[in-house]
Amino acid sequence: MKLKKILETVDPNLLRVFLPWALRHPSSLNHYMKLVKPFLDTLNLKREFKTKDILVPPFMILSITRNCNLKCAGCYAAAVGTLRNDNIKNQLNIIQWKKIIKEANELGVFGYILAGGEPFLYPNLLDLCREFYDRLFIIITNGTSIKDEHFKILKKLRNTVVMVSLEGEKEVTNERRGAGVYEKALNTLKKLNKAGVLNGISVTITQFNYKQWMNPEFIDNLIEQGIRIAFFIEYISSSPRDDVSLMLTSNQRAFFREKMLDYRASKKIYLIHSPGDEELFGGCVSAGKGFAHITPSGDLTPCPVSNVATHNLKTDSLKDGFAGDLFKLIRENEYLLENEGTPCALFAHQKEIKELAGKVGAYFVN
Ligand SMILES: C[S@@+](CC[C@H](N)C(=O)[O-])C[C@H]1O[C@@H](n2cnc3c(N)ncnc32)[C@H](O)[C@@H]1O
Ligand code: SF4
């Protein structure tokens, strides 16, 4: 089967976890099959643009809105200015987002990670997933704002995965995200399962919760509830105001990494661990290597925690942005994509990135 072969080539773990789910949801399997050709087409497009010295990433992260109903401790989006409510009028409207996604598709982007802010607060969000049905959408949500009308549409969409943020068990989640958020998030996961929407969890790993996630019973319990994907992203301190002490130490990171590799080999869950998985790609995959990011106002930045840009997509083309010196120089100066014992390469090289930004005439967004 073609889908099986592709999943195996991209990542054998995808096949192990995803195929049993798809077989239990035959209508989804049928639709996922329909994504195979567009996926192969994007590989050809990317190859073609590479010959013109334009590196197109497979994924784009879209911080779709500045709006958020929570105030989670240490949120990178708040720290880099994405959540600036005084600038809300400046955010892209749905027509502008559609124009950007259309261009990205023509360049060979296959997947979109919708974040923010809280994506489900953006009006008509799911129109994007519906219109671009031959692309994969992964929505990261705090799980408190998905309405019945969203569920009705999500049930029919077969190109959209919903990841709900959790910090750990009730006490830890509510401590960081606010009272009652844990209960709402779990309820959302339950409803997503009931609706047959492929779903998972997105966890920020800190000093306070990493041990909890190393307890196999805790993850087994979630898998039993139907969760099939987990993003474990180690806490990144993205501004001097943030609490650096939340970050794992190098020893803790190594300890946690071992557990992640163990889970990957033994648990029925598709797991992404950052920064650990970057080892497989020779360092950070921002700046167009694996993904790039667009702010709510249309600035093209190397990654969601970075606030430097040379192109704004209200007026500039994405193609020019990908071809620009900012991304190229970050990639060419390979040491900038090394983590240096922190969870984030761009965080580790803030001074150098600032200097490079000056050289290429970049501006600071938000
Ligand atoms: C910025 S949020 C946007 C989507 C949505 N509002 C939510 O909370 O799921 C995207 C993801 O980033 C995580 N996150 C927030 N601040 C972080 C930080 N400083 N380091 C690493 N991940 C962080 C959140 O927990 C969430 O899973
Ligand atoms: S819900 Fe998401 S965007 Fe909002 S404050 Fe929390 S982590 Fe940040």
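Values in this document were obtained by computation on a predicted structure and should not be read as measured data. Just the heavy atoms: all of them, side chains too, but no hydrogens, waters or symmetry mates, feed the values below. Just follow the structure's listing: the first ligand is 1, and inside any ligand the first atom is 1.
Not one N or O on the side chain of E167 forms a donor-acceptor pair closer than 3.5 Å with the backbone of V172.
The closest approach between M247 and ligand 1 stays at or above 4.0 Å for every heavy atom of the residue. For the pair S237 and ligand 1, no heavy-atom separation below 4.0 Å is found. Within the structure, the closest approach of G116 to ligand 1 falls below 4.0 Å when heavy atoms are considered.
Remark: ligand 1 and G74 share an N or O pair separated by less than 3.5 Å (distance only, no angle test). Distances between N or O atoms of R177 and those of ligand 1 include at least one value under 3.5 Å.
For F322 and H311, the ring centers sit 6.0 Å or farther from each other. For an aromatic pair to be called close, the ring centres must be under 6.0 Å apart, and H273 with F256 satisfies this.
Distances below 4.0 Å separate heavy atoms of E118 from the following atoms of ligand 1: 5 (C), 6 (N). The atoms of ligand 1 that sit less than 4.0 Å from any heavy atom of C75 are 16 (N). If you number the atoms of ligand 1 from 1 as listed, the ones under 4.0 Å from a heavy atom of T204 come out as 13 (C), 14 (N), 20 (N), 21 (C), 22 (N), 23 (C), 24 (C), 25 (O). For ligand 1, the atoms closer than 4.0 angstrom to any heavy atom of Y235 are 18 (C), 19 (N), 20 (N), 21 (C). Listed by atom number, the atoms of ligand 1 under 4.0 Å from I236 heavy atoms are 18 (C), 19 (N), 20 (N), 21 (C). Residue E234 approaches ligand 1 through these ligand atoms, each under 4.0 Å from one of its heavy atoms: 21 (C). Within the listing of ligand 1, atoms 3 (C), 4 (C), 5 (C), 6 (N) sit less than 4.0 angstrom from a heavy atom of G117.
Residues N159 and D134 have side chains that never bring a donor and an acceptor to within less than 3.5 angstrom of each other. With hydrogens and angles left out, the side-chain atoms of T65 and E118 include no donor and acceptor closer than 3.5 Å.
Within the protein, the N, O or S atoms lying under 2.8 Å from atom 6 (Fe) of ligand 2 are C72 SG.
Ion pairing between R130 and D127 holds under the 4.0 Å rule for side-chain N and carboxylate O. Using a cutoff of 4.0 Å between basic side-chain nitrogens and carboxylate oxygens, K46 and D41 are not scored as salt-bridged. Between K170 and E183, at least one side-chain nitrogen of the basic residue sits less than 4.0 Å from a carboxylate oxygen of the acidic one, meeting the salt-bridge criterion. Salt-bridge check for K268 with D220: failed, with every basic side-chain N at 4.0 Å or more from each acidic carboxylate O.
At a heavy-atom cutoff of 4.0 Å, ligand 1 is contacted by the backbone of T141 but not by its side chain.
Each of R66, K314, R84 was compared with N90 under the side chain to side chain donor-acceptor pair (under 3.5 Å) criterion, and only K314 meets it.
The cluster map of Ile, Leu, Val, Met, Phe, Trp and Tyr, joined by side-chain heavy atoms under 4.5 Å apart, puts L192 and L157 in the same cluster.
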Apply side chain to side chain donor-acceptor pair (under 3.5 Å) to N142 and R177, showing your working. CA-CA 9 Å; N142 62 33; R177 303 201 139 241; 5.8 Å; no
